[in-house]
Amino acid sequence: MEVLLTQLPYALIGIVAGLSSGLFGIGGGMIIVPFALILGESSHHAIAISVIQMIFSSVFGSYLNYKKKTLNVKEGLFVGFGGLVGASFSGVIVSLFSDLTLTAVFLCVSIIFFLKYFFGKKNVAVQKQVSVFFTRLVLVCSGLVMGVFAISLGIGGGVQIAMILGFFLGYDSKQVTRISLFYVLFASVAGSLSFWREGVLDETVFQYGITVGLGSLIGVYLGIKILERMKLSFHRVAMLSIYALSILMTSFGLLRKMGIVNF
């Protein structure tokens, strides 16, 4: 019974994170990391739990999108290759910085992208006419950069990938959501292996990661169902809400680690 009560919060976090993965193509780290910090996990362990969960949500979500024939596998493979290479270095980055530093960096990244998205253009993107070479270059480079930095912070980088593809290629939000989720599959596998090599993963973290991952399967299924019926204009409002929640929770976790708040 005690074990069940301990695992339950992580399963619930997984459902919420999976819902965000299905809706926005993100790994779920912007949900998992702040809540894991609230539950008393270190930033290193919170990030590791998040990355393990990403494997579950991205595999299942990409399978559902592929089955519905809404996933562009060819483009997903290019961005996924970049993420695979970049995320291979994430464990090294995590091992170089302190718990407090990683939490502060995660908060800064969340605020920066919140402001960029909030003050960005509100109109729906229109597909740009660009060369095949340029398209593939943007896909690989965006995956590479986000794989290095995003996985190191426990966020899949899906939302950031979506912004890059939307800006350079003019993809709409639903289109980039599916590609981003497919990218997270590659980046999360490489990131997990990198964390294991650097000793960030232990048995307890692995168990929590699996619990969150299993919970995320429910959320991903619901998220993709909702995405099919959601208007593009509402996507922006919902994503801003995800950012705001992440910033609030991470700020609270950082204040606790600094000893400013004790509850």
Side-chain angles (χ1 to χ4, degrees), residues 1-22 26-64 83-84 87-100 102-103 106 147 150-158 181 184-223 245-246 249-250 252-254 256-257:
M1 184 66 178
E2 183 178 346
V3 175
L4 179 61
L5 292 176
T6 302
Q7 296 286 339
L8 182 59
Y10 291 90
L12 294 176
I13 293 172
I15 294 175
V16 177
L19 186 64
S20 67
S21 295
I26 64 179
M30 297 189 77
I31 302 297
I32 297 169
V33 171
F35 274 102
L37 293 174
I38 294 297
L39 292 173
E41 299 289 345
S42 69
S43 288
H44 297 79
H45 286 174
I47 290 170
I49 290 170
S50 173
V51 174
I52 293 173
Q53 174 273 329
M54 291 178 198
I55 299 176
F56 286 79
S57 60
S58 59
V59 169
F60 185 55
S62 295
Y63 166 74
L64 292 178
L84 187 68
S88 299
F89 298 97
S90 57
V92 177
I93 294 176
V94 167
S95 65
L96 291 177
F97 297 97
S98 68
D99 185 16
L100 185 62
L102 283 174
T103 305
F106 182 83
I151 292 294
S152 299
L153 296 173
I155 55 176
L181 188 59
V184 171
L185 189 163
F186 292 84
S188 59
V189 170
S192 296
L193 291 174
S194 182
F195 286 175
W196 176 73
R197 288 197 306 268
E198 296 298 324
V200 178
L201 282 174
D202 60 27
E203 184 178 348
T204 301
V205 172
F206 190 69
Q207 289 177 352
Y208 284 149
I210 291 177
T211 299
V212 176
L214 292 175
S216 73
L217 299 182
I218 300 173
V220 167
Y221 179 79
L222 296 174
L245 176 62
S246 175
M249 299 300 292
T250 307
F252 181 74
L254 181 60
R256 285 184 62 184
K257 291 179 183 299

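In this chain, numbering begins with 1 at the start of the sequence shown. No hydrogens, no waters, no symmetry mates; every other heavy atom, side chains included, goes into these values.
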Pairwise side-chain contact, Ser57 with Leu217, heavy-atom cut-off 4.5 Å (strictly under): no
Set of residues satisfying side-chain contact (heavy atoms from CB on, under 4.5 Å) with respect to Ser194, sequence neighbours excluded: Ser90, Arg197
CD-CG distance between Gln7 and Leu12, expressed to the nearest 0.5 angstrom: 11.5 Å
Which atom of Met54 lies closest to which atom of Ser188, heavy atoms considered: CB-CB, 3.4 Å
Phe195 vs His44, side chain to side chain contact (heavy atoms under 4.5 Å, CB included): CA-CA, chis, key distance, verdict: CA-CA 9 Å; Phe195 286 175; His44 297 79; over 6 Å; no
Verdict with supporting geometry, Asp202 and His45, side chain to side chain contact (heavy atoms under 4.5 Å, CB included): CA-CA 9 Å; Asp202 60 27; His45 286 174; 3.7 Å; yes
Reference residue Phe35; test side chain to side chain contact (heavy atoms under 4.5 Å, CB included); the match among Val16, Ile13, Val212, Ile49: Ile13
Note, Leu37 side chain near Ser43 side chain (heavy atom, < 4.5 Å): yes
Chi angles and distances behind the side chain to side chain contact (heavy atoms under 4.5 Å, CB included) call for Ile55, Leu185: CA-CA 6 Å; Ile55 299 176; Leu185 189 163; over 6 Å; no
Separation between CG of Leu19 and OH of Tyr221, rounded to the nearest 0.5 Å: 13.5 Å
Smallest separation among heavy atoms of Leu201 and Ser192, with atom names: CD1-O, 3.5 Å
Spacing of CD1 belonging to Ile52 relative to CZ belonging to Phe206, to within rounding of 0.5 Å: 6.0 Å
Polar side chain donor-acceptor pair, Thr211 to Gln207, under 3.5 angstrom: no
Ser58: side-chain hydrogen bond (donor to acceptor under 3.5 Å, both in side chains) partners, not counting sequence neighbours: none
Exercise: do Glu41 and Tyr10 side chains pair donor with acceptor under 3.5 Å: yes
Pairing residues for Ser62 by the side-chain hydrogen bond (donor to acceptor under 3.5 Å, both in side chains) criterion, not counting sequence neighbours: none
Main-chain N/O of Ala46 paired with Ser50 side-chain donor or acceptor, under 3.5 Å: no
Nearest atoms (heavy-atom pairs only) where Ala48 meets Val205: CB-CG1, 3.6 Å
Residues Ser21, Leu181; criterion side chain to side chain contact (heavy atoms under 4.5 Å, CB included); working and verdict: CA-CA 7 Å; Ser21 295; Leu181 188 59; 4.1 Å; yes
